[in-house]
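Everything below concerns the one structure shown next.
Every chain is numbered from 1, with letters handed out A, B, ... down the list of sequences.
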Number of protein chains: 2
Amino acid sequence: MIYIISVDLKNPKPIYEQVRDGIKNLIIRGVLEPDEKIPSVREMAQNLAINPNTIQKAYRDLEVQGFVYQIPGKGTFVQSRTPGQNREKMEQLLTEVVERVRELIYLGVSKEEIKQVLDDL
Amino acid sequence: MIYIISVDLKNPKPIYEQVRDGIKNLIIRGVLEPDEKIPSVREMAQNLAINPNTIQKAYRDLEVQGFVYQIPGKGTFVQSRTPGQNREKMEQLLTEVVERVRELIYLGVSKEEIKQVLDDL
DNA sequence: CCATGTGTACTATACCTCATAGTACACATA
DNA sequence: TATGTGTACTATGAGGTATAGTACACATGG
């Protein structure tokens, strides 16, 4: 695995959240495939010059959210996708999207521009 | 002004952010009109049973973001909308929207469903 | 002029989260 | 058996959050 994850110590966003969301994005974009092994806690910590406890916290979050699974003695692996589950999470995400789209419209962006961006995904 | 703002002390989101985003949403949705006076720091604090300093921090944030303006001795008022400005902010919002839409698609929601939600705004 | 309400600024305290360092244990595998 | 792995603790320091309290300058109505 290539280490595309970037951590900015000046960012007010906690480090463990930056690591967590960075890996999450790699999984969502398909860069990391199901059952693929991701770097161990200590390896990732050394590579990013971050404390292992902080990486462990990020990995734990990813496991709770269902993006990875951890096997003691073996490692951490990408969890298979399970479409349709987590309706609560989907509604939460939709709420956050709507909130930001409303603000974008308030700032003068048209719905058509926004929908165009979504089409280009 | 009616106090539709709700504050949840059990929410890990800081109180001042809840107040800030609550008022911001009222402005974006048009519930509060330009140059309309919003409750004073002390009045809002007493009404929500929250420390005035916390309300002041929320109001300060709103002023920095351009949603309100404050006049010493008079009060806090809703700022007029300025479309097209803050390109940096618009790009930030778009990034956050895209990130969440990607996750929604990953969870099995189709683009059409998402665009339908936007149309219903 | 004066009392009231307003925004603003400052100190101090307590609590929680974040990040670090260090140590330790159980498991899997070559 | 040695190594790498996830996991679980303790302890410490830094920073953000929320509170309480005090104070000052300004605008307005009586």
Identify each donor-acceptor pair in which a side-chain atom of residues 112-121 of chain B lies under 3.5 Å from a protein atom, sequence neighbours left out, and give them as a table.
from, atom 1, to, atom 2, distance (Å)
E113(B), OE2, S110(B), N, 3.3
E113(B), OE2, S110(B), OG, 3.2
K115(B), NZ, D119(A), OD1, 3.1
Q116(B), NE2, D120(B), OD1, 3.2
D119(B), OD1, K115(A), NZ, 3.1

Pair up each side-chain donor or acceptor in residues 9-31 of chain B with any protein partner under 3.5 Å, not counting sequence neighbours, and list the distances.
from, atom 1, to, atom 2, distance (Å)
N11(B), OD1, K13(B), N, 2.8
K13(B), NZ, D21(B), OD2, 2.7
Q18(B), OE1, D8(B), N, 2.8
Q18(B), NE2, D8(B), O, 3.1
Q18(B), NE2, K13(B), O, 2.8
R20(B), NH1, D61(B), OD2, 2.7
K24(B), NZ, Q65(B), OE1, 3.2
N25(B), ND2, E99(A), OE2, 3.1
N25(B), ND2, D21(B), O, 3.2

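If you walk DNA chain D from 5' to 3' and mark each nucleotide with an atom closer than 4.0 Å to a heavy atom of chain A, the marks span dG4(D) to dC9(D).
Of the residues near DNA chain C, E17(A) and Q70(B), the one whose nearest nucleotide (by heavy atom distance) lies more toward the 5' end is Q70(B). If you find the closest nucleotide of DNA chain C to I15(A) and to P72(A), the one lying nearer the 5' end belongs to I15(A). The nearest heavy atom of DNA chain D to R42(B) and to N51(B) marks one nucleotide each, and the one closer to the 5' end goes with N51(B).
Distances shown here put every side-chain N or O of T54(A) at or beyond 4.0 Å from the OP1 or OP2 atom of dC18(C).
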Worksheet, complete the sentence: Its contact letters, B for base, S for sugar-phosphate only and - for none at protein heavy atoms under 4.0 Å, make nucleotides 11-16 of chain C read ------

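In this structure, E103(B) contributes its side chain and R100(B) its backbone to no donor-acceptor pair below 3.5 Å.
Nucleotide dA21(C) holds its C1' atom 16 Å from the CD atom of Q46(A), rounded to whole Å. A straight line from NZ of K13(B) to P of dT17(C) spans 18 Å, rounded to a whole angstrom.
At least one side-chain heavy atom of L48(B) sits under 4.5 Å from a side-chain heavy atom of M44(B).
Rounding to the nearest 0.5 Å places OG of S40(B) at 14.5 Å from NZ of K74(B).
Cluster note: F77(A) groups with Y69(A), I71(A) through ILVMFWY side-chain heavy atoms spaced under 4.5 Å, whether in direct contact or through intervening members.
For R60(B), the side chain to side chain contact (heavy atoms under 4.5 Å, CB included) criterion is met by E63(B), V64(B), not counting sequence neighbours.
A donor atom on one side chain and an acceptor atom on the other are found under 3.5 Å apart for Q92(A) and E96(A).
Residue contacts shown for Y16(A) are limited to sugar-phosphate atoms, with no base heavy atom under 4.0 Å away.
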